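Reviewing the structure listed below.
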Amino acid sequence: MALLEVRDLHKSFGHGRTLTPAVRGVDLEVDRGETLGLVGESGCGKTTLGRVVVGLQEPSSGAIYFDGELLDGKMSRPEYRRRVQMVFQHPAQSLNRRMRVDTTLAEPLRLLKVAPRDEVAGRIDEVMRLVGMGPDYLKRRPGQLSGGQQQRIAIARALMPGPDLVVLDEPTSSLDQSVRGRIIALLRSIQEEQDVAYVFISHDLSTVRRIADRVAVMYLGRIVEIAPTEQVFKDPQHPYTKALLSAVPSMDLDNRGSRIILAGETPSPSDVPVGCSFQDRCPLVHERCGLEEPRLVSLGDGRKVECFAVTDPN
Amino acid sequence: MSLLEVSGLTVGVEHSPHALLRDVDFTVEAGQIMGLVGESGSGKTMSALAIMDLLPAGIERRAGTVRLDGRDLVAQDRETVDRNANDMTMIFQHPRSALNPTMRVGRQIGRALEINQDMGRAAARSRATEMLNHVGIPGADRVARAYPHQLSGGMCQRVMIAMALACRPRVLIADEPTTALDVTIQAQIFDLINDLVEETGCGVLFITHDLGAIAEMCDRVTVLYGGQVMETGDVRQVFTDSRHPYTQFLFDAVVREADPSVEEKDVNFALQGCRFGHRCPYAFDACAEFPLLREVDTGHLTSCFLHQKENALGSA
């Protein structure tokens, strides 16, 4: 049984003429101790999906099962909030800059009332060890820490209540390249030790490749392809995945100019075409794509793709 | 003779001994793309601003020349420099903040033509629409009447490029033109710049922190660190046979994710000597002096005493 199961999830903002669907029918599972990478370009709905899973936003429709139990308005319960935590993109903004590190770390336990007061200090020590920071940082405030250290404290705070799932929203995007590598290594070692599952949201494909077990590619509020990481990178199926991967500049001097250039831009989420949402930019588009909505179809080897040209070539 | 030749460019903060750029040399050839790569704060944008004569208040150019076709741009008076918009233009990192939010984009492009090419208003307007069409904007008529906030980031960057190219400049300076954009849009903009170079034969100074973008786009590359040129040469030379310890470290950080061993040395490298000295694992006595660029291979230069020492030892 999967730890997290999302079924036909929708989330829209606004109403009437301004109705903007951000997530349009997403199905996915996350297993215990696994990392699911969620990639896509700005506005594809990856952050909204992450926020709905954590319970920061109510879904418009659809079902979320956690540990087999249907969460229906139960997301604000302390028990769920203890088990599902989130790390945000900008640590400087997600940490209270007037709060010392030790207070910041104690806060989730205090609010969720999951541990007696005399166990808090021990838990803080353990979590600080997990993120590789010494006890002398406990008395500092966020302004006295570097960006990488701040993000490690944000990760430590998420780990405090002992979650089963952490949603990480672009956790390394605001950090320098060398610091980025260290945070990824840290997240991997924490996962090995604590058996925690990650949903790792990022637009940076090379970072996702280094941490994720499976990758879901989103476009205009839908998952268009989901597969084990190496299969996505070595043998992408969906035409959007192919274009996205080929657009990343590579250091390979012998492979210049092999990019797939997509026409146009992602349509506005408030103006999604009928049928396949990628049809206007797709090199493989044919008549059916404008009539019918493709669905995620399993290719049988752990891969699922949402494209008629791939799943139903005739 | 090179199209654009920057030599000995030194820029600093007024009333401070610290230099932001020290003795920067590089050239841009017609029909070629020269990459300028480095970490944040390495002086990439400062170099571009110094070339464009757009240095912010409080920052002064202390030495150096900028030559376009052998013509010294620095020595000229202010008015002549302004008119050089026909020679040299720049596209900025954040297109939306570089465009005027209160003016329709077609008019903004038109103004560039009226001022620099003495065009009439009507002619400038139709040429502006033509330019928008040229940079791949669908419905150019409609977009010309839009304000920047009504356009996407990729669209705004195309408008910037259309504006920069409206006067058919000989040199285009692109300062991180795609950093704020998604990768598929970045690929479109790269494609557009490549086409333009092919078509107009202009030279491009392409500024980025992304080594992948350099590999995709550039013919030659200059690596900056702390306002000092570390290495310059053909992309293939610098990528496959990098000579400067800093360049090697930069590739390690990206390709192999190595952790730099930071060792403090007693020279104040910020004021004198090699800017990479305090982090360089090979630093030795000579590094307290400023290393000048020396050729290590045809067209491949590096500013490191290590090679000069090796060469000296080799010849001894």
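The model shown is predicted, which means the values in this text are computed figures rather than measured ones.
Counting heavy atoms of neighbouring residues, nucleotides and ligands inside a 6.0 Å radius, atom CZ of A:Arg129 exceeds 12 of them. Around the NZ atom of A:Lys11, the shell of radius 6.0 Å holds more than 12 heavy atoms that belong to other residues, nucleotides or ligands.
Residue A:Ala263 touches chain B through its backbone alone, counting heavy-atom pairs closer than 4.5 Å. Only the side chain of B:Gln186 comes within less than 4.5 Å of a heavy atom of chain A; its backbone N, CA, C and O stay farther away. Both the backbone and the side chain of B:Asp191 come within contact range of chain A, judged by heavy atoms closer than 4.5 Å. Using a 4.5 Å cut-off between heavy atoms, B:Ile214 touches chain A through its backbone atoms (N, CA, C, O) alone.
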Between B:Val183 and A:Arg259, does a side-chain contact (heavy atoms from CB on, under 4.5 Å) hold up when you go through it step by step?
-> CA-CA 11 Å; B:Val183 282; A:Arg259 289 189 298 269; over 6 Å; no

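Taking both residues in full, the closest heavy atoms of B:Ala187 and A:Ala247 are given as CB-CB, 3.9 Å, listed atom of the first, atom of the second, then distance. For the residue pair A:Pro249 and B:Ala213, the shortest heavy atom distance occurs at CB-N, 3.5 Å.
No side-chain heavy atom of A:Val248 sits under 4.5 Å from any side-chain heavy atom of B:Glu216.
Remark: B:Gln188 CD to A:Ile261 CD1 distance equals 7.0 Å, nearest 0.5 Å.
Within the structure, side-chain hydrogen bond (donor to acceptor under 3.5 Å, both in side chains) contacts touching residues 131-144 of chain B (residues at least two apart or in different chains) are B:His134-B:Glu199.
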Please report, to 0.1 Å, the donor-acceptor pairs under 3.5 Å made by any side chain of residues 36-47 of chain A, with sequence neighbours excluded.
from: A:Glu41; atom 1: OE1; to: A:Tyr240; atom 2: OH; distance (Å): 2.8
from: A:Glu41; atom 1: OE1; to: B:Thr184; atom 2: OG1; distance (Å): 3.0
from: A:Glu41; atom 1: OE2; to: B:Thr184; atom 2: N; distance (Å): 3.1
from: A:Glu41; atom 1: OE2; to: B:Thr184; atom 2: OG1; distance (Å): 2.7
from: A:Ser42; atom 1: OG; to: B:Asp182; atom 2: OD1; distance (Å): 3.1
from: A:Ser42; atom 1: OG; to: B:Asp182; atom 2: OD2; distance (Å): 2.5
from: A:Lys46; atom 1: NZ; to: A:Gly40; atom 2: O; distance (Å): 3.2
from: A:Thr47; atom 1: OG1; to: A:Asp169; atom 2: OD1; distance (Å): 3.2
from: A:Thr47; atom 1: OG1; to: A:Asp169; atom 2: OD2; distance (Å): 3.2

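In this structure, A:Glu265 contributes its side chain and B:Gly154 its backbone to no donor-acceptor pair below 3.5 Å.
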